[in-house]
Amino acid sequence: MDSDVANGEGRIGLDIGTSKIMSVRQSGSQLKATNEVNAFLPLPYSKITENILLQNKVHYYQNNGHFFVYGNNAEKFAGLFNAETRRPMSGGLINPDEPAALTLIKVIIQGLVKKPRSKSDLVCYSVPGAPADAPNDLIYHEKLLEGYLTELGFRSKSVNEGQAIVFSELEKENFTGIGISAGGGMCNACLSYLSVPVISFSTSKAGDFIDKSVGSVTGESATRVKMVKEQSLDLASSPKDKIEEALHIYYDEVISELISTLNTSVSRASSEAHQLDRAMPVVLAGGTAQPNGFRERFERALEASSCPIPISEVRMSPNPTQATARGAFIAAVYDS
Ligand SMILES: Nc1ncnc2c1ncn2[C@@H]1O[C@H](COP(=O)(O)OP(=O)(O)OP(=O)(O)O)[C@@H](O)[C@H]1O
Ligand SMILES: [Mg+2]
């Protein structure tokens, strides 16, 4: 590894998530994370709107007589106009039902990675595990993103999101253990042994599923449920109202799906997975893992399940929302 690479020069970790896209790069002796909400809102073109967007330094893209306000300001504008934002991705992958998906995801990625300084600059970007019901969709997603990064002048490499959690959180354990990212569109997990991914999988029940399901049974909008969930949910104390009660129920469903898929994936895997010479730590990360009490609920459910491999501990990432991007950055630094 040359000395520039050793300190992370010319290396970017990119977490391409359903809810947000985050880049991590070296800045002096620190890591610098920058993110954009992975959403946009089209506004009709007018000179006044353009001036307001420019004055307020709002990120937008102009096309076909429309402004597309994207990233962190999209939600603010949507609130103002009482409109819903549109999303380039759903369920961890490019959204097939969104006509502007490809353009907007490219614009958001470009704003975060900027331009390479040299031809050797490398971006490691996260990809989910293949969805069980449509495993080939991942090929399209991964290759499109690779193409965009090549167009921007970067070398690129994909890293499984669960594996990125292992890179970010389990360096002291020689990158051995189970990394889990509970996100917006998906939960992603990877069992890694000495940095080699042995099993990886994804489940489709995650944050968006919780918002939609709780909204459906309580008669609230998914947007309002998301707000309540993010601002006040405490999974360690008893629910105080109808929304909280439903949030607890659907959180349990997300955890149960995650654990049953983990157990069947390990059971189905080759015999090497059963001959691991040590108990595995589990690390939890991602926005959906953030509420107080999530770790304990997950640990109790895992203990009560018949997990085929010994687990040493269930640990929470100290920085659950940055773990994927940090892990992708570490993957880029190791890949000299
Ligand atoms: N404090 C919080 N409490 C509960 N949920 C939260 C909190 N903050 C964010 N979330 C939820 O986390 C999810 C987003 O998580 P994250 O940013 O890890 O997803 P992502 O990486 O964009 O998506 P994915 O990995 O599924 O493609 C959303 O469903 C959001 O509502
Ligand atoms: Mg994610």
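Remember, it's 1-based here, ligands and their atoms both numbered in the order they're listed.
Residue contact annotation: Ser181 has no non-hydrogen atom under 4.0 Å from ligand 1.
Take a cut-off of 2.8 Å around the Mg ion (ligand 2): the protein N, O or S atoms inside it are Glu161 OE2.
At a 3.5 angstrom cut-off on N or O pairs, Gly185 counts as close to ligand 1. Some N or O of Thr288 is nearer than 3.5 Å to an N or O of ligand 1, by distance alone. Checking only distances, Gly184 does come within under 3.5 Å of ligand 1, N or O to N or O. For ligand 1, the polar-atom distance check finds an N/O of Lys20 within less than 3.5 Å of one of the ligand's N/O atoms. Among the atoms of Lys226, none of the N or O lies under 3.5 angstrom from an N or O of ligand 1. Between Gly287 and ligand 1, at least one pair of N/O atoms sits closer than 3.5 Å. Where the criterion is an N or O separation shorter than 3.5 Å, residue side chain and backbone included, Gly286 fails it with respect to ligand 1.
The proximity of Lys229 to ligand 1, defined as any non-hydrogen pair under 4.0 Å, involves the side chain as well as the backbone. Proximity of Phe209 to ligand 1, defined as any heavy-atom pair under 4.0 Å, is not found for any part of the residue. In Glu161, the part holding a heavy atom less than 4.0 Å from any atom of ligand 1 is the side chain.
Of all atoms in ligand 1, numbered sequentially from 1 with element shown, those under 4.0 Å from a heavy atom of Gly207 are 29 (O).
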**Prompt:** Does the pair Glu146 and Lys143 meet the rule for a salt bridge (charged side-chain N to carboxylate O under 4.0 Å, His left out), with working shown?
**Reply:** CA-CA 5 Å; Glu146 180 187 302; Lys143 291 292 165 195; 3.4 Å; yes
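For Ser195, the side-chain contact (heavy atoms from CB on, under 4.5 Å) partners at least two apart in sequence or on another chain are Phe167, Phe175.
Within the hydrophobic cluster formed by Ile, Leu, Val, Met, Phe, Trp and Tyr side chains joined at under 4.5 Å, directly or through other members, Ile52 is accompanied by Ile48. Side-chain heavy-atom separations under 4.5 angstrom define the hydrophobic clusters, and Met22 shares its cluster with no other residue.
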